[in-house]
Amino acid sequence: MNDKAAAKYDEDVIRIINQLKNEIIERKWAEKKSRDALDYAESIIDSVKHPLVVLDETKKVISANLAFYDLFNLTPGIVLGQNFLTMADGFFDFKEMQQLLEKKQGPEPQVIDIYRNFHLIGRKYLKAAIQGLQYNVKHLRFSFLTIEDVTDQKIAEMKLRKALEDKSILIREVHHRVKNNLQILSSLLSLQITTLSDESPFQVLQEAQTRIMAIGAVHESLSDKGQVGKIPIEEPIRRMIEGLDALFDDNIQVSLTIDPIFLTINQATLLCLVLNEIVSNSHKYSFQNHTGSEKRIFIEIKESNNQVVLTISDNGSGFGIGQDRLKAEGGDYSLGFILIKNLVEQQLLGQWNVKRLGGLIHEIRFGIEEDQTIPPVSVEELSS
């Protein structure tokens with residue numbers, strides 16, 4: 001090989017080497033750009049708030065964001081490159097997800113609601129959506145699957161729906177109870193009218209007033225406390241007794257001992273009416289011809305074995321409505337006696353006994369009923 005040929009050979013080698021060098025540089029630059037683009041795409045996926053999974057045409061997982069791993073307590077090692085339905089021992093292999101992945105995928109997302117118990121994260125309400133994307137350069141098809149955890153929103157919605165249903169029931173129940181109490185008042189006044197030939201109009205009106213006050217004490221407590229189921233009985237009873245003290249103004253001291261007992265509105269109203277009849281009668285009759293220095297009425301209300309035990313006694317002369325209870329059957333019973341007997345035995349399904357020990361001692365027992373206004377459903381049961 002002469003010098004001229006050798007020089008041309010060297011030029012060709014140098015040119016080929018330079019071409020190879022340029023190609024290697026361009027390829028590395030393209031790879032770098034691809035890596036940068038991939039990193040950028042991954043950062044976009046990770047920035048999505050809701051769990052996001054990228055699937056290829058065969059439903060294998062190409063990428064998933066941090067929110068997905070956090071929600072389902074999974075790791076990239078058992079997710080990436082795996083079929084979405086069969087990965088992690090079939091974590092997502094259930095009917096709703098199968099139906100979603102079988103839907104025809106296009107630019108408009110397909111959405112489905114999921115409610116199930118996952119073995120790693122418990123019971124969840126999910127909203128899943130899948131959307132197709134075609135990559136025109138290489139004619140590749142991808143799917144974006146988003147899965148939103150809507151458990152908190154669903155529970156809040158269920159609470160609100162239950163509250164609205166309860167409110168509707170309560171409104172109907174209030175109307176029903178007011179109607180019943182008005183009917184009680186009407187019946188009491190009708191009975192009282194039959195005694196007008198024996199009693200003065202003033203006494204008739206006064207007795208009607210005390211009975212209305214007894215029912216009003218319960219409704220006043222409901223209004224103040226905003227309670228609609230069982231109510232504590234102490235407050236309405238104290239209000240009623242204070243009203244009777246102010247009405248009669250006879251220097252009779254009333255002592256109250258009341259356990260923390262909760263009764264339905266129906267039972268609380270009936271109890272106040274019974275108390276009103278006995279205590280009003282004691283104010284009017286028990287201390288006739290009384291020679292003692294103190295006039296006392298004692299009221300004790302206890303709970304024993306899911307029963308209310310009401311004891312009313314006085315240190316009077318033994319006169320009053322209790323005499324009717326002690327009479328033989330067929331006696332001339334007063335209206336007050338008829339009311340108490342009916343309220344205790346027919347309405348409260350209880351027992352009423354009277355003893356005389358100096359003054360009169362009334363003992364009334366009845367069972368505590370359950371409130372049936374609203375079925376007891378807890379939020380935990382709704383969300384379980």
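These values consider heavy atoms only, across backbone and side chains, with no hydrogens, waters or symmetry-generated copies.
Rounding to the nearest 0.5 Å places CD1 of Ile361 at 8.5 Å from OG1 of Thr311. In this structure, the separation between CG on Asn276 and CD1 on Ile340 is 9.0 Å, given to the nearest 0.5 Å. Of the inter-residue distances, the one linking Leu273 atom CG with Leu339 atom CG reads 8.5 Å to the nearest 0.5 angstrom. Taken from CD in Glu303 to CD1 in Ile233, the straight-line distance is 9.0 Å, to the nearest 0.5 Å. Taking CG from Asp314 and CG from Leu357, the interatomic distance works out to 11.0 Å, rounded to the nearest 0.5 Å. Note: Leu74 CG to Phe91 CZ = 5.0 Å, rounded to the nearest 0.5 Å.
Val309 and Ile237 fall into different hydrophobic clusters, where Ile, Leu, Val, Met, Phe, Trp and Tyr are joined by side-chain heavy atoms under 4.5 Å apart, directly or via other members. Taking hydrophobic clusters as Ile, Leu, Val, Met, Phe, Trp and Tyr residues chained together by side-chain heavy-atom distances below 4.5 Å, Phe92 does not share a cluster with Val111.
Within a 6.0 Å sphere centred on CG of Asp89, heavy atoms belonging to other residues, nucleotides or ligands number 12 at most.
Between Phe68 and Phe84, the ring planes lie tilted relative to each other; the angle falls in the 30° to 60° range.
Side chain of Asn65 to main chain of His50: a donor-acceptor pair is present (N/O by atom type, distance under 3.5 Å, no hydrogens or angles). For Glu96 (side chain) and Tyr115 (main-chain N/O), no donor-acceptor pair under 3.5 Å exists by modelled atom type.
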Show your reasoning for whether side-chain contact (heavy atoms from CB on, under 4.5 Å) applies to Thr257 and Lys302.
CA-CA 8 Å; Thr257 304; Lys302 299 289 185 183; 3.8 Å; yes

For Leu55 and Val61: C-alpha separation, side-chain torsions, deciding distance, then whether side-chain contact (heavy atoms from CB on, under 4.5 Å) applies.
CA-CA 5 Å; Leu55 307 176; Val61 180; 3.8 Å; yes

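Thr151 and Asp149 form a side-chain donor-acceptor contact under 3.5 Å, judged by distance and modelled atom types alone.
Salt bridge annotation for Glu242-Arg238: absent, with no cationic side-chain nitrogen under 4.0 angstrom from a carboxylate oxygen.
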